[in-house]
Engineer: 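The structure under discussion is supplied below as structure tokens; questions concerning it will follow.
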Amino acid sequence: MTAHEQHIAFTVGGQPHAVFASPGARLSEVLRDHLGLKSVKVGCDAGDCGACTVLVDGRQHCACLIPVAQISGCNVETLETAEPDLRSRLQKAFLAHGAAQCGICTPGVMMAAMELLQITPLPTEAQVETALSGVLCRCTGYRKIVTAVVATNRTLPDSVRPLPGASVGARLPRLDGQPKVDGSEIFGADYAPEGTLLIRAVRSPHFHADFVLGDVTAWAAARSGIVAVMTSADIAGVNAFGVIPPLADQPALAECTVRYLGEPVALVVGDAARVEALDLGDFPVTWSPRPHVLTEAEAGGAQAPQLHAHRPENTLIRGRVVSGAPQEALRASAHRVTGEFRTAYVEHAYIEPEAGVGWLEGDTLVIQACTQAPVMDRDDTARVLGLPPERVRIIPAAAGGGFGAKLDLSVQPLIGLAVLKTKRPCRMVFSRNESMRSSTKRHPGTMTATIGADEQGKITGMTFHGDFNTGSYASWGPTVATRVPVHACGPYKTPNYRATSRAIHTHGPTAGAFRGFGVPQAAICQEMLYDELAEKCALDRLEFRKRNALVDGDTTPCGQKLDAVGIKECLDALQPHWHRAGKDAASFNAGSDDRKRGVGIASCWYGCGNTALPNPSTIRLGITPAGALRLHQGATDIGQGANTVIAQIAADALGVAIHRVEIVGPDTGMTPDCGKTSASRHTFITGRAAEAAGRALRAEILRLTNLSEAAQIIVAPGEVRVTEGRSSRTVTLSDLDVDAFGYALRAEETYDPPTTALDEDGQGTPYAVYGYGAQMAEVEVDLKLGTTRVLRITAAHDLGRAINPLLAEGQIEGGIAQGLGLALMEEFIPGRTENLHDYLIPTIGDMPEVVSILVEKPDPEGPMGAKGLGEHVLIPTAPAILNAIRHASGARITNPPALPHRVLAALRERS
Ligand code: FES
């Protein structure tokens, strides 16, 4: 106990507790650190996200805003201590309705729901939306949360128990859901061994500066509790990481020069309480600020400061796809449209800031942190630290959202440095400000395009160029520059085509992967122009798209012949909604002067997996002598459902009940490489590996029993029973040799999609499988205020075979929420919006009704016909909304988000 600490008594779940704490300590810290109630999550420490919502005397509060002294004598409820019967019903409802994805917001959401349900046991949707309005969720799009809370005290769906071999297609609740709904899930900040030291980073206050460090040793010695200070001089390996190794350029700790606001230059490690309390503003570093550039337009200028000497004109990379004779085709077109569009930086805004912990196990450095790419983390961290990869083990903590940004290293090399230097466990937890300053963003883009059509409304040609602001370091800039030209025409037959792109360095935050790799930005450009082109052709906008939609046998601008193309089916599925919505809007508008309604439509296509590069996944499936069936899958489930979907595919391929499957990993020490959670690749690629492993294990069992493919397999304690008609045979597992992995029976299979490299004109096979979709937005625009309300989104997506419709709907609703943010409110301004009250993301009140239509056009290459879905679902939302705004009001928004002042400016321009 220190001089500042006081004895504070209160009850938690009715049980008395007393803590010695500073009276001003946040209740969230006290509950987590003193009482071990880790369901209380910390997302912002500012009352913005609501992840720390608890009940104090029955009322919901953000625990981060309450000084602990204020709850003296009060009763606090967290998810761990809440009333068991109601909690159990709520948990069942959340699981049954798919209301938890990553799970980081779930305890806070559930506590807010409990307050409501204790007062109003049978709430309406509107009451739920009001009660939950203080808690943000970045994954789900809120609709399933509302459904779950409404259903809690009503009838819950029966539990789903698919027959053996028949789990694919079932609305199976996520297999890893229970820890998410009971608050026991371990996220990056939730675990630390006894005696763990805390790491804090000293970060640049400038966008661009040279710096000189002073006497850091003397600075540390003058303060108690500091165990080590580290700078780039402590880095034994290569001080440059990056997701594309030949372009790796980002220092773990900057050397002499910083290139973005918040770049780390030193680490301070020590006793947690003391390091937490340090003022790092007096750390001995002298800054010499230099000129900086923040936009792609500024950075391309002749006088612009150059970020990397070996990348002239700040150009990281260029992309290009050319086919036919686009200029000639455009000249000869009966109709042409052209336009320029500019999009903003967009923040991932996952509710969990980056966090992790590391320790030594013998010679092995173990790091448990939130991530989307464990093997890549291992290799990159080892390279920075100068260790062989086998001496680094990455155990992914649960990731509280990722959406692309947790593909890049964040805390991992910094934790590794500290552990190796101190030889003690060390942890690092980014504040919200640190997270938003240092994490990657969606690339801002400046895009111009011209599209032509003939008299019949058939597209004749297109030219496109996009400059994308890739920020200070390479990250995924090359992927965006490559992927955009492949996709910039949308899912429409375009016989003559030229699409080019550049990724340009600036001193803004590094732009990286964010759900779609640049394709959502390009879709805004192409789909808004297609609306204008349809009008020039005097065609209905949906009809124009159907007339030009790719079909089986068509060739893309890359020269790839397609099959299993489902875009026309998606557009057909929207047709009845389109007619109804058009009539509804016209009838509303006839009676309204100040508010007008409109309908917009947009499509998407998206290649699943890396662009024209190998990206294999390997799955191991084994049966132990005791009869446990284990699926080793290294695919990180960041909420999208890989743990469930991959298990469903494996179980059905083997022909067993899904509930027999135990999931192992991901963990680089225990699971083979399944690659990254990116590019909507796991259902397709990891799923194909799981299907192959399941079939191989089944074939081995059938071989041992000499029965045919029609036989049924039951994995039971100590044995595998196989029956076919009246024949029944048993494999006694203890009779078999046990392999090096501890299995009596095992299969391990790898799948790498058949792509080819692209030539200099972008010709080749960039992806083996594409998914397709189309969305329709109905909006209401206030012509006086410039505000836009989205009333409904109808989304039709071709996902091949729907492995799990419940989770697929969750992906659609979550992607739509992020697309709505892109269209209407999200704009990250470096240095100004690095918190969740200046940077706004959709709340529960912003989300409209979502009608999901699953179109299943099986792909022969996908596992059981499945395609990817995760990124596709975001792509059409923003252009559909922007097209609806124009339809409603005439406002042509070319620089989203469509903030009210931009809508009003566009209306003035029109008039
Ligand atoms: Fe709500 Fe991930 S499930 S933030």
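Atoms within a ligand are numbered from 1 in the order they appear, just like the ligands themselves.
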Engineer: At a cut-off of 2.8 Å, what protein N/O/S atoms sit near atom 1 (Fe) of ligand 1?
Structural biologist: Cys105 SG, Cys137 SG
Engineer: I'd like to know if Glu352 and Lys406 make a salt bridge, using a cut-off of under 4.0 Å between side-chain N and carboxylate O.
Structural biologist: yes
Engineer: Compute the centroid of each ring, for Phe403 and then for His348, and state whether the two points are separated by less than 6.0 Å.
Structural biologist: no
Engineer: Are Arg143 and Glu129 within salt-bridge range, i.e. N to O under 4.0 Å?
Structural biologist: yes
Engineer: Under 3.5 Å, sequence neighbours excluded: what are the donor-acceptor pairs made by side chains of residues 798-807?
Structural biologist:
| residue | atom | partner | partner atom | Å |
| --- | --- | --- | --- | --- |
| Asp798 | OD1 | Gly800 | N | 3.0 |
| Asp798 | OD1 | Lys857 | N | 3.1 |
| Asp798 | OD1 | Lys867 | NZ | 3.3 |
| Asp798 | OD2 | Gly566 | N | 3.3 |
| Asp798 | OD2 | Lys867 | NZ | 2.4 |
| Arg801 | NH2 | Val168 | O | 3.4 |
| Asn804 | OD1 | Leu806 | N | 3.1 |
| Asn804 | OD1 | Leu807 | N | 3.2 |
| Asn804 | ND2 | Leu172 | O | 2.9 |
| Asn804 | ND2 | Gln648 | OE1 | 3.2 |

Engineer: Whether Asp190 and Lys41 form a salt bridge (side-chain N of Lys/Arg under 4.0 Å from carboxylate O of Asp/Glu) is what I want to check.
Structural biologist: yes
Engineer: Are any of the side-chain heavy atoms of Val56 and Arg59 separated by less than 4.5 Å?
Structural biologist: no
